[in-house]
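Here the structure comes first, spelled out in structure tokens, and everything after it is commentary.
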Amino acid sequence: MVEYSCYLKKEGEIMHIGQRIEKIMQNRGWNQKQLAEKVKINTSVLNRIIKGTRPVHHDELAVFSSILEVDSNFLIGKTDKPVPSNSNLPPLTAKDERDIAKKLEALINDLESDTSLAFDGEPMDEHTRELVLAQMESNLRLAKQLAKKKFTPKKYRDD
């Protein structure tokens, strides 16, 4: 399993992944308990990540990035831009949301069997399945936004 160090050097000072998570969490008015519930980890685990005494696993990084709506490269210190690059994409309409929900429901039905997706021959556990579904939903949203941007005629764009 890939783990990311809790500390990254940035411009002569040590940047802490947990500090970035905590700053975004506070900007949204969330406490540790609320974020831990959203990420589906124990509050004490989140506390140790924020303090820097526990590394962030690769799958957790993806969930933090999705829940906090920031680029994972920001969390690990590769960029100073917290907003993902899709911030200039068109917003999704209610119809778009319904289409995404339908596609996601179809994907969920496909993943219901234990053998539909496995790692090293082992069926994935419930937590991993939720992570996969969260990432699929994120990808469906991004694909829909990119398609809207590409195929919307110029006269109907808000540019």
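If you're wondering where the values come from, they're calculated on a predicted model, not measured in any experiment.
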Which is it for Arg141 and Ser138 under the side-chain contact (heavy atoms from CB on, under 4.5 Å) test, yes or no, and what are the steps along the way?
-> CA-CA 5 Å; Arg141 288 177 181 283; Ser138 175; 5.8 Å; no
Look only at the side chain of Ser72 and the backbone of Ala62, and say whether a donor-acceptor pair between them is shorter than 3.5 Å.
-> no
Ion pair Arg54/Glu60, N-O distance below 4.0 Å = yes
Can you find a heavy atom in the side chain of Leu146 that is under 4.5 Å from one in the side chain of Lys150?
-> no
For residues Ile24 and Phe74, determine if any side-chain heavy atom of one lies less than 4.5 Å from a side-chain heavy atom of the other.
-> yes
Which value, rounded to the nearest 0.5 Å, describes the distance between [X] atom [atom1] and [Y] atom [atom2]?
{"X": "Leu46", "Y": "Glu22", "atom1": "CG", "atom2": "CD", "result": "9.0 Å"}
{"X": "Ile67", "Y": "Ile21", "atom1": "CD1", "atom2": "CD1", "result": "12.0 Å"}
{"X": "Asp99", "Y": "Lys144", "atom1": "CG", "atom2": "NZ", "result": "4.0 Å"}

List in chain and number order the residues that pass salt bridge (Lys or Arg N to Asp or Glu O under 4.0 Å) with Lys148, two or more places apart in sequence or in another chain; answer none if no residue qualifies.
-> Asp96
What's the verdict on salt bridge (charged side-chain N to carboxylate O under 4.0 Å, His left out) for Glu69 and Arg28, showing C-alpha distance, side-chain angles and the deciding distance?
-> CA-CA 11 Å; Glu69 297 175 345; Arg28 293 177 184 250; 3.6 Å; yes
Side-chain donor-acceptor distances from residues 35-45 under 3.5 Å, at least two apart:
unit_1: Asn42; atom_1: OD1; unit_2: Ser44; atom_2: N; d: 2.8
unit_1: Asn42; atom_1: OD1; unit_2: Ser44; atom_2: OG; d: 3.0

Looking at residues at least two apart in the chain, or sitting in another chain, which of them share a side-chain hydrogen bond (donor to acceptor under 3.5 Å, both in side chains) with Gln26?
-> none
